[in-house]
Amino acid sequence: MRRKVNPKTFCGLGRVLWVISLSLFLFPYCYCAGADTFERVSSLAKKVCEIELKGFPSAVASEFEQNTTYRKSSKNSVVSGEEVVRLAQKGKEILAKSLTQLGYFDATIEVEIEETGKYRIIYTAVPGARYTVAEKKLEILDSPLKFTRIKNLIRSRKRDFVNFAKIEKEERWLSSTFKRQGFFFAKIDEPMLNINEQAKTASVVYQVSPGEKTSISSIELSGNVDVPESFIVKRSGIKINSILTHLSIERAKRNLQQTGLFSSIKVFATKDQKPPLPKSSPESDEQMQKAVLNIKVSEMPPRLVGAGAYYSASEGALLSTIWQHKNFLHKGHNIGATARISQKELSAMLFYNIQDIFLQGQKLHGDFSMFHFATKAYSGNKASVTMGLSQEFYIGERYIELSFAPTLERGAVSRETSYRQDIGGFLSGLSINLTNHSLYPTKGAAFKLNFDQYYGNFAYIPSPESLLSEKTKSDESAQIPALNTEGARSLTLITGVLTCFLPLSRKTIYEPNSTVLAAFLKVGSANRGIEHIPFDKRFYGGGRSSIRSHGYQMAGELDASGIPVGGASIVEACLEPRIRVSENVGVVAFVDYSCITREKTPTFYKKGYARGGWGVGVRYFTQFGPVRLDIGFPFKRRVGSNGKKLDSALQFFISVGQVF
């Protein structure tokens with residue numbers, strides 16, 4: 001069967017071929033004729049903006065340079081003069097707002113646009129006088145209370161310039177202050193600014209409707225599955241009919257976070273919609289605003305299995321494992337076991353913790369530990385049992401902790417010979433934490449004091465040089481005599497640690513270029529001379545958590561064989577600037593110092609005993625803590641009797657967590 005062809009098809013195909021032929025014929029002419037236009041457009045597209053500021057205060061110029069939106073727009077290629085005009089107008093609005101927020105209400109800004117190969121926008125300002133704050137007023141609305149103390153706190157100081165950022169900060173402070181005093185639902189209106197153009201001053205007026213004090217009528221829980229409600233309520237520390245404040249909510253969050261049972265915690269209050277009891281009712285002492293406290297949690301898996309590792313040049317590698325059940329018996333009890341393996345230590349520990357056993361913030365803790373250690377200073381085996389009680393108390397948003405724990409130890413410690421050690425005692429401590437963050441503190445200080453008292457058979461332990469008489473010293477076959485067991489029967493060790501954090505930049509720790517100066521000071525002392533202190537109870541320095549410029553236990557005195565002697569007192573100090581260069585990476589530099597002596601009295605400097613060094617490090621920040629890499633260098637390397645260096649040229653550490 002033959003197929004018929006439509007004649008119109010040939011006509012359409014012919015037109016297409018004719019257009020293609022004509023295009024090929026005219027293409028060279030069109031290309032040459034349009035080249036000049038194409039070059040002009042390309043040249044214009046390459047023009048970018050340069051910004052110049054004249055006459056602006058440094059604070060305004062700095063803020064303008066950090067304006068990411070405008071900076072990005074000005075760096076992009078510009079294809080027309082109209083876009084430059086729009087960009088110039090946008091910049092003028094940003095600068096005018098910044099001047100107004102700093103109190104330059106009479107400022108004028110002129111804009112000039114130049115085109116010399118590239119666009120250039122010039123902003124010229126005449127700031128005029130900067131207005132000062134004549135007075136600050138706090139007006140209380142709908143309340144008979146005067147709040148005289150708060151009114152006195154917000155009074156303006158002499159020559160206090162108008163600054164909108166400070167006004168907003170003061171507004172947030174007012175809101176927090178009223179919440180702290182129990183007026184949780186206080187309403188604060190937008191501050192009013194009354195300007196006096198002749199006097200070049202302004203008055204700030206804050207209007208607050210405090211309402212009534214707020215008490216907690218009920219607690220509503222959600223999200224908990226295995227953790228009982230009674231445990232959450234007791235652990236939060238919130239009580240029905242107590243006054244609701246900002247601090248009570250922050251404390252509840254922290255108390256619940258410390259359990260490690262929850263991945264997320266939200267604590268907030270809503271007004272109770274039930275009508276309040278009348279004042280005449282005997283069940284109501286006074287009229288109060290009732291609130292419902294809402295606690296929303298997400299539970300973590302109660303069982304935890306983990307492992308960790310670190311490495312140092314002087315200690316080698318260490319591996320640690322942990323098994324933990326954080327909600328044992330569905331009562332919030334914590335039971336677990338840990339193990340550590342390294343060249344210096346082999347240990348295992350079983351522990352059991354009960355939180356809020358009698359009172360809120362009270363913890364009963366116990367552990368059984370077994371150790372085998374082989375350090376440069378001593379070696380041996382030991383087992384210990386400890387059972388203690390700790391109690392937390394709050395100071396505002398911070399807290400202090402007191403602890404007391406009886407302990408028993410039994411084992412043997414060896415140096416030149418082996419000595420039995422059966423002792424008991426108690427370990428007590430005081431901890432005060434005034435920092436703003438547990439993992440990444442940037443402000444505040446923390447102090448910890450330990451008082452350890454031991455009783456038992458503390459034999460007289462002579463120094464290695466005095467163990468041999470003059471006769472036996474010359475006799476290579478002589479044996480070291482047994483120790484005299486009629487020695488001291490008690491030993492007291494006192495150690496204090498102070499850490500301070502000073503922010504050196506205005507940005508928070510979660511932003512780049514945050515700089516913090518961290519400082520550490522440790523002072524320790526024993527009530528007896530070094531000859532009466534067992535080798536494993538002496539003070540030593542050096543290593544990943546001590547003086548990083550020296551090896552493990554190598555920051556103190558060494559005997560003729562290069563073995564650490566230890567000390568009856570210790571002073572350690574470290575200064576460490578911490579710079580966060582990005583969200584996940586930081587760098588540090590540190591200088592450390594120690595002085596470990598045989599005397600009971602701590603000495604900050606004694607010739608022959610003081611050691612120090614410097615170093616640098618890198619931090620990678622995670623939600624579990626920073627992964628750190630440190631390299632330390634001693635200021636001066638000691639030389640042994642054989643002429644060899646006793647101190648390594650550098651120390652290298654890889655670990656998790658800050659040094660302090």
Side-chain angles (χ1 to χ4, degrees), residues 310-318 342-345 374-378 464 495 497-499 517-524 530 535 538-579 586-599 602-619 626 628-655 657-660:
Y310 81 78
Y311 177 83
S312 72
S314 60
E315 300 173 70
L318 181 144
S342 71
Q343 297 177 1
K344 308 291 185 183
E345 176 188 345
T375 70
K376 285 190 175 182
Y378 54 85
T495 308
V497 177
L498 174 66
T499 54
L517 181 63
F520 167 86
L521 175 64
K522 175 182 176 180
V523 179
I530 190 174
F535 298 115
R538 297 180 181 183
F539 293 107
Y540 298 91
R544 65 186 179 95
S545 300
S546 180
I547 304 302
R548 285 167 283 175
S549 57
H550 288 71
Y552 182 65
Q553 296 183 337
M554 294 294 290
E557 181 186 0
L558 306 178
D559 64 13
S561 302
I563 299 175
V565 175
S569 65
I570 184 173
V571 173
E572 285 187 356
C574 180
L575 196 65
E576 182 178 277
R578 300 173 179 176
I579 303 174
V587 296
V588 304
F590 59 87
V591 178
D592 50 25
Y593 160 88
S594 74
C595 186
I596 303 172
T597 65
R598 296 169 176 253
E599 290 77 17
T603 304
F604 284 86
Y605 180 81
K606 190 172 184 180
K607 189 175 181 180
Y609 290 89
R611 297 286 175 264
W614 65 279
V616 294
V618 179
R619 304 289 184 267
R628 63 183 178 96
L629 185 153
D630 290 326
I631 302 177
F633 307 89
F635 286 138
K636 185 178 181 180
R637 298 172 65 188
R638 291 167 288 187
V639 181
S641 57
N642 56 2
K644 292 184 178 180
K645 299 286 186 179
L646 299 177
D647 297 310
S648 300
L650 62 86
Q651 294 294 324
F652 181 80
F653 307 94
I654 300 176
S655 185
Q658 298 283 17
V659 181
F660 57 90

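Here the OH-CD1 distance, from Tyr311 to Ile654, works out to 8.5 Å after rounding to the nearest 0.5 Å. Considering OH of Tyr552 and NZ of Lys344, their distance stands at 8.5 Å, rounded to 0.5 Å. Here the CD-CD1 distance, from Glu557 to Ile530, works out to 6.5 Å after rounding to the nearest 0.5 Å. For the atom pair OG of Ser314 and CZ of Phe653, the computed distance is 5.0 Å after rounding to the nearest 0.5 Å.
Here the closest heavy-atom approach between residue Ser546 and residue Glu572 is recorded as OG-OE2, 2.6 Å. Between Ser549 and Pro634, the shortest heavy-atom distance links the atoms O-CD, 3.5 Å. Ala573 and Leu521 get closest at one heavy-atom pair: CB-CD1, 4.2 Å. Residues Ala519 and Leu575 share a closest heavy-atom pair of CB-CD1, 3.9 Å. Between Lys636 and Asp647 the shortest heavy-atom distance is O-OD2, 4.0 Å. Taking all atoms of both residues into account, the shortest heavy-atom contact from Phe633 to Ala649 is CD2-O, 3.6 Å.
For Lys376, the NZ atom counts as loosely surrounded, since its 6.0 Å shell holds 12 or fewer non-hydrogen atoms of other residues, nucleotides or ligands.
Between Phe520 and Asp592, every side-chain heavy-atom pair lies at or beyond the 4.5 Å cut-off. Side-chain contact between Phe652 and Ile631 is present, with at least one heavy-atom pair separated by less than 4.5 Å. Using a 4.5 Å heavy-atom threshold, the side chains of His550 and Arg638 count as touching. Under the 4.5 Å side-chain criterion, counting only non-hydrogen atoms from C-beta, Val587 is not in contact with Val616. Taking the side chain as every heavy atom from C-beta outward, Lys522 and Val571 never approach each other to under 4.5 Å. Within the 4.5 Å cutoff, no side-chain heavy atoms of Ile547 are placed close to those of Met554. Here the side chains of Val591 and Phe635 are in contact, with some heavy-atom distance below 4.5 Å.
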- Message: The test is ring-ring contact (aromatic ring centres under 6.0 Å, His included); show your working for Tyr378 and Phe535 and say whether it passes.
- Response: CA-CA 7 Å; Tyr378 54 85; Phe535 298 115; 7.4 Å; no
- Item | Intermediate values then yes/no, side-chain contact (heavy atoms from CB on, under 4.5 Å), Gln651 and Asp630 | CA-CA 8 Å; Gln651 294 294 324; Asp630 290 326; over 6 Å; no
- Message: Set out, in order, the CA-CA distance, both residues' side-chain angles and the distance that settles side-chain contact (heavy atoms from CB on, under 4.5 Å) for Arg611 and Ile596, then state yes or no.
- Response: CA-CA 9 Å; Arg611 297 286 175 264; Ile596 303 172; over 6 Å; no
- Message: Pair Arg628, Val659 - check side-chain contact (heavy atoms from CB on, under 4.5 Å), show working.
- Response: CA-CA 9 Å; Arg628 63 183 178 96; Val659 181; 3.3 Å; yes
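No side-chain donor-acceptor contact under 3.5 Å links Gln553 to the backbone of Pro564. For Ser569 (side chain) and Glu599 (main-chain N/O), a donor-acceptor pair under 3.5 Å exists by modelled atom type.
Side-chain N/O atoms of Ser342 and Glu315 include no donor and acceptor closer than 3.5 Å.
Both tests hold for Arg578 against Phe660: distance to the six-membered ring centre under 6.0 Å, angle to the ring axis within 45°.
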